[in-house]
Amino acid sequence: MPEGSTPALSPQGVPYAELSHYINADGQHIFSRYWKPSGSPRALMFIVHGAGEHCCRYDDLAQILTALNFLVFSHDHVGHGQSEGERMTIHDFHIFVRDNIQHLDLMKKQYPDLPIFMCGHSMGGAIAILTVDERPDDFSGLILISPLVLPSPQSATSFKVFAAKLLNYVLPNLSLGSIDPSFVSRNKKEIEAYTTDPLVYHGGMKVSFGVQLLNATSRVEKALPLFKVPVLLFHGTLDKLCDIRGSHVMIDTIQSEEKTLKVYEGAFHALHKELPEVTSSVFQEIESWLQQKLGGTGSSNMV
Ligand SMILES: O=C(c1ccc2nc(C3CCCCC3)oc2c1)N1CC(N2CCN(c3ncccn3)CC2)C1
């Protein structure tokens, strides 16, 4: 460290020298996380978290994947968790995709011969779709948990969309309010864990961020007709944040030979943080789909 210079600190005041991270194209420190299997890895899994949360919330899923000898990696998007950047603020949604591709290339360099899968939740699902769309040959499969493909009709009526786009010019930092976690999961323990997590952003979503999410849904819609990578999709019928119709549109539009949509009756948005019977089913489905991808042939079905 040159004399006199102060060490770069995370938003929580931890020196980045003590944290795994990479530096993105804008010179921002992006906190990264790695879960390594005990043996030599047979594949890589890139986990992409959603808006307001952070990658360490995916430890449960990562543990299951390392038991399958996956090396799991992820990072906190700019403006999230332990990464730099104004909280939940982005002027171009593509920055999330750009940073994803940078991390992907770092891991490809380190593990050039391993197949790579990606798993995204909610906004992270949109980021994952757009990342795979840019690098289709880099991925052996994509897993999506309640992805943001279409906004829910409640949160994005045409009046609200029009108002948000207009407001974005005059009051981009105006809060649209924050998510009620009880709308997102029926699991009281998970709701408590989320609401007390200091790395989660509990502030309201800014108008400018909501507009970027809308832009993302338009980009995703354009990407679907040419999408060919194998997909495993999960969606709850009572998702109030990301409309399940988006997953139906996706499964009907993509050209992937192997595509599966698992619908969970009565389940809310965060399927990986839902009632135990839902979350364990999702994790079991992920396990068997990956085992089949790495060992058997693919198939296409919807249940
Ligand atoms: O990525 C999202 C997210 C959040 C808000 C959104 N609003 C939209 C609309 C808004 C209008 C314009 C079009 C898009 O999409 C969103 C996606 N995430 C991750 C999810 N969080 C919710 C809270 N979580 C939670 N809550 C309770 C228990 C466990 N986890 C973690 C996951 C929400």
Side-chain angles (χ1 to χ4, degrees), residues 47-61 74 76-81 87-90 93 96 119-130 144-168 172 174-221 234-236 238-247 267-276 278-279 282:
I47 291 180
V48 190
H49 73 71
E53 53 173 6
H54 58 95
C55 66
C56 293
R57 285 177 41 80
Y58 289 79
D59 191 62
D60 296 350
L61 175 57
S74 187
D76 289 347
H77 304 309
V78 66
H80 287 74
R87 298 297 91 181
M88 241 173 98
T89 302
I90 199 86
F93 192 84
F96 292 139
C119 176
H121 166 59
S122 201
M123 173 190 81
I127 297 169
I129 292 168
L130 296 173
L144 295 169
I145 304 173
S146 334
L148 173 61
V149 176
L150 289 179
S152 78
Q154 296 97 317
S155 55
T157 61
S158 31
F159 171 74
K160 284 183 184 176
V161 169
F162 172 74
K165 289 185 172 174
L166 205 61
L167 270 175
N168 195 32
L174 181 72
S175 172
L176 292 171
S178 47
I179 303 161
D180 178 347
S182 62
F183 283 5
V184 178
S185 169
R186 295 168 295 175
N187 185 323
K188 295 203 178 344
K189 276 191 191 157
E190 290 294 355
I191 292 170
E192 173 69 15
Y194 178 79
T195 44
T196 57
D197 185 334
L199 291 177
V200 163
Y201 174 71
H202 296 287
M205 179 184 288
K206 291 176 182 167
V207 164
S208 58
F209 197 89
V211 168
Q212 286 308 318
L213 291 183
L214 283 168
N215 293 345
T217 59
S218 312
R219 291 179 182 166
V220 164
E221 196 180 349
F234 298 93
H235 223 114
L238 294 185
D239 188 327
K240 301 179 183 75
L241 211 52
C242 296
D243 195 340
I244 188 171
R245 284 182 307 125
S247 286
F268 287 10
H269 183 61
L271 294 175
H272 58 303
K273 301 280 185 183
E274 246 279 1
L275 296 178
V278 170
T279 298
V282 168

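Both ligands and their constituent atoms are indexed starting at 1 by order of listing. Just so it is clear, the structure is predicted and the values come from calculations on it, not from any experiment. Any value given below was found using the heavy atoms of this structure, including those in side chains, with hydrogens, waters and symmetry copies removed.
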Residue, atom name and distance, where the atom is the protein heavy atom closest to [atom]:
| atom | result |
| --- | --- |
| atom 13 (C) of ligand 1 | Pro151 CB, 3.4 Å |
| atom 7 (N) of ligand 1 | Met205 CE, 3.6 Å |
| atom 9 (C) of ligand 1 | Ser155 OG, 4.2 Å |

Select the closest option to [atom] among [options], judged by heavy-atom distance.
| atom | options | answer |
| --- | --- | --- |
| atom 4 (C) of ligand 1 | Leu213, Ile179, Leu148 | Ile179 |
| atom 26 (N) of ligand 1 | Val184, Val48, Ile145, Ile191 | Val184 |
| atom 12 (C) of ligand 1 | Val211, Thr195, Leu214 | Leu214 |

Return the [atom1] to [atom2] distance between [X] and [Y], rounded to the nearest 0.5 Å.
| X | Y | atom1 | atom2 | value |
| --- | --- | --- | --- | --- |
| Leu241 | Ser122 | CG | OG | 5.5 Å |
| His269 | Ser185 | NE2 | OG | 11.0 Å |
| Asp197 | Cys56 | CG | SG | 9.0 Å |

Determine the interplanar angle of the His80 and His49 rings, folded into 0 to 90°, and report it as parallel if under 30°, tilted if 30 to 60°, perpendicular if over 60°. tilted
Once the angle between the rings of Tyr194 and His202 is folded into 0 to 90°, is it parallel (under 30°), tilted (30 to 60°) or perpendicular (over 60°)? perpendicular
Against the six-membered ring of Tyr201, is Arg87 placed for a cation-pi contact (under 6.0 Å from the centre, within 45° of the normal)? no
Find all atoms of ligand 1 within a distance of less than 4.0 Å from any non-hydrogen atom belonging to [X], and give their numbers and elements.
| X | result |
| --- | --- |
| Ser185 | 28 (C) |
| Met123 | 1 (O), 2 (C) |
| Glu53 | 31 (C), 32 (C) |
| Pro181 | 26 (N), 27 (C) |

Residues Val200, Arg57; criterion side chain to side chain contact (heavy atoms under 4.5 Å, CB included); working and verdict: CA-CA 9 Å; Val200 163; Arg57 285 177 41 80; 3.9 Å; yes
Between Lys206 and Thr89: side-chain donor-acceptor atoms closer than 3.5 Å: yes
With only distance considered, is Ser122 within less than 3.5 Å of ligand 1 through an N or O on each side? yes
So is there a nitrogen or oxygen of Ala51 less than 3.5 Å from a nitrogen or oxygen in ligand 1? yes
Test of ring centre spacing under 6.0 Å for His77 and His54: no
Arg57, portion touching ligand 1 at heavy-atom distance under 4.0 Å: side chain
